[in-house]
Amino acid sequence: MESGVPWWRDAVIYQVYVRSFADSDGDGIGDLPGITARLDHLADLGVDALWLTPFYTSPQHDHGYDVADPCDVDPLFGDLADFDALVTRAHGLGLRVVVDLVPNHTSSEHAWFRAALAAGPGSPERDRYHFVAADEPPNAWGSMFGGPAWTRVDDGEWYLHIFDTTQPDLNWRNSEVAAMYEGVLRFWLDRGVDGFRIDVAHGLFKAPGLPNRVDGGPDPAFDQPEVHEVYRAWRRILDSYPGDRMAVAEAWVETPEAMARYLRPDELHQAFNFHWLSAEWSAPAFRSVIATTLADLAQVGAAPTWVLGNHDVVRAPTRYGGGAVGAARARAAALTMLALPGSTYVYQGEELGLAEVDVAPEHWQDPFAVRTGVVGRDGCRVPIPWSGTTAPYGFGPGAGQPWIPQPDDWASVSVAAQTGVEGSTLELYRDALRVRRRVVRGLEDQVELLDAGEDVLAFRRGALQVMLNAGDAPIDLPPGEVLIASAPLVGGGLPADAAAWIRLP
Ligand code: GLC
Ligand code: MG
């Protein structure tokens, strides 16, 4: 703790999508030693922590979110010694390490699910999951990855899977499930992790009786009140360890108010605030996200988070219209979020300004895309370009394409190509994180939204004023020192699709 403020409260946390960050052994898939060898990039960038997506033993049907053994490393990614080496190196560089926890479901190759299949109907082994005897699917729930959420096994029972068929949902009303996950938490806490990202944190409990959704009503598969008891128990475990161990929820709930319930003082520390990510490019939309987020979190005393992207959504430059305009808007949005109180999550490649890649259907790997035939999440998961002019762009040793092919025009966006180049997105992020540490961190949390016209988002934190121009003509900036801008000023004005931080006199 510095000055009594826990590290995560205003941290910049970098999401490493393990399969696509850096490959050490040339198999075209990222791995733990690859990450360790590239940690300098994160230290140079100036982030405070990294979050690793699942690297646990897994058949990889959902690229690691189908966990067969949550307390071991999949050989694809290395072993426990490689994990320990990563943590040691990260801590040596002053970086905290957050790992992913997947409590809503296991892989169908988890020992528990195999035992459930073997033990048969009515067994205690089956009670750890949702098995139901019926002639038809027990309800009309659909899988998030397309098709029904139920699959039938040979003896006629159906099991529930909100995601892929290989991701059976656990029955959290069975006390063995809670005990298992408490053990998993302790296992990684004992190995020195600083926190957890909780996958599908609003899942876990389903409405009793697994009823169908009433039109316009809440989704009975999510956000049940019982889930909060789980997080109270986990908070007690986190608090029993030295240092500021934290947890951040992935909870795609409807409103900031629903999100706040996960952040009561005896529950989780943070939740991803997906409301900015879901907002269109417009000053009123951003204003409203900021106002409602801050108001709702203030009620529970929680610090906000800001998220522009992750491994599940279309990359921001593409969401914001693509091309030069989309790229400029993504830079402006990132700069704006980095000035808000609380912490910011940066998804790998955002600092390079990567756009969504148009992955050819024959290379689709996302189970959603494979099950539905609709373009999925592969386009934001393409391996990172580090250097060079052809694939794999320094992602790993050897020649040739990694597990998702990289575009052939990525030479100019690699880390090496952008390093030291004035105006590059990478240098913008480095500058922004430097100024954030120097100036923004010390500011009061209070945000004053200003009226600067319909197309301008303007707010003040103490002596810092932030302007985002979502209109189509340059705007005047207030008198003061421009600390950083996402695009060159035009005659002293802030161009369209740009943002700036100004230190007021
Ligand atoms: C979360 C993950 C996503 C995964 C799903 C199922 O939403 O972010 O990648 O497919 O959970 O575990
Ligand atoms: Mg590898």
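We count ligands from 1, going down the list as the structure has it; atoms in each ligand are counted the same way. Predicted, not measured: the structure shown is a model, and the values here were computed from it.
- Here the closest heavy-atom approach between residue Ala279 and residue Val289 is recorded as CB-CG2, 4.0 Å.
- The protein heavy-atom contact nearest to atom 2 (C) of ligand 1 is Asp199 OD1, 3.1 Å.
- Among His228, Arg261, Arg235, the single residue meeting the side-chain hydrogen bond (donor to acceptor under 3.5 Å, both in side chains) criterion with Glu267 is His228.
- The nearest protein atom to atom 8 (O) of ligand 1, hydrogens excluded, is given as Asp312 OD2, 2.5 Å; this is a heavy-atom distance.
- Distance from atom 5 (C) of ligand 1 to its nearest protein heavy atom, with residue and atom name: Phe163 CE2, 3.7 Å.
- Not close to ligand 1: His61, with no non-hydrogen atom less than 4.0 angstrom away.
- In this structure, atom 7 (O) of ligand 1 lies nearest to the protein heavy atom Glu250 OE2, 2.7 Å.
- Listed by number with element, the atoms of ligand 1 under 4.0 Å from a non-hydrogen atom of Asp62 are 4 (C), 5 (C), 6 (C), 10 (O), 12 (O).
- Within the 4.0 Å heavy-atom cutoff, His105 counts among the residues contacting ligand 1.
- Not a single heavy atom of Trp252 sits less than 4.0 Å from an atom of ligand 1.
- For the pair Arg96 and Trp8, the cation does not sit on the ring face, since its NZ or CZ is not both under 6.0 Å from the ring centre and inside 45° of the axis.
- Restricting Asp27 to its N, O or S atoms, the one at the least distance from the Mg ion (ligand 2) is OD1.
- Between the side chain of Gln348 and the backbone N or O of Tyr17 there is at least one donor-acceptor pair closer than 3.5 Å.
- For the Mg ion (ligand 2), the set of nearby N, O or S atoms under 2.8 Å includes one belonging to Ile29.
- Listed by number with element, the atoms of ligand 1 under 4.0 angstrom from any heavy atom of Arg197 are 2 (C), 8 (O).
- Looking at Trp172, Trp158, Phe113 one by one, the single match for ring pair (Phe, Tyr, Trp, His ring centres under 6.0 Å) with Tyr129 turns out to be Phe113.
- Closest approach between the Mg ion (ligand 2) and any N/O/S atom of Asp23 involves OD1.
- Counted by atom type alone, Thr293 and Asn273 present one or more donor-acceptor pairs between their side chains at under 3.5 Å.
- Near Arg381, meaning under 4.0 Å from one of its heavy atoms, ligand 1 places the atoms 9 (O).
- The ligand atoms of ligand 1 that sit less than 4.0 angstrom from a heavy atom of Arg377 are 3 (C), 4 (C), 9 (O), 10 (O).
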For side chain to side chain donor-acceptor pair (under 3.5 Å), just list the numbers for Trp150 and Asn139, CA-CA rounded to whole Å, side-chain angles, deciding distance to a tenth of an Å, and then say yes or no.
CA-CA 8 Å; Trp150 296 93; Asn139 66 24; 2.7 Å; yes

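- Not close to ligand 1: His63, with no non-hydrogen atom less than 4.0 angstrom away.
- For the pair Asp378 (side chain) and Asp366 (backbone), a donor-acceptor distance under 3.5 Å is present.
- Atoms of ligand 1 lying under 4.0 Å from at least one heavy atom of Phe145, given by number and element, are 10 (O).
- Between Arg197 and Asp100 there is a salt bridge, since a side-chain N of the basic residue sits under 4.0 Å from a carboxylate O of the acidic one.
- The N, O or S atom of Asp31 lying closest to the Mg ion (ligand 2) is OD2.
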Show, in sequence, the C-alpha distance, side-chain angles and deciding distance for Ile13 and Val346, and conclude whether the side chain to side chain contact (heavy atoms under 4.5 Å, CB included) test is met.
CA-CA 6 Å; Ile13 301 176; Val346 176; over 6 Å; no

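- Closest approach of Val374 and Phe368 over heavy atoms only: O-CE2, 3.8 Å.
- Minimum-distance N/O/S atom of Asp25 relative to the Mg ion (ligand 2): OD1.
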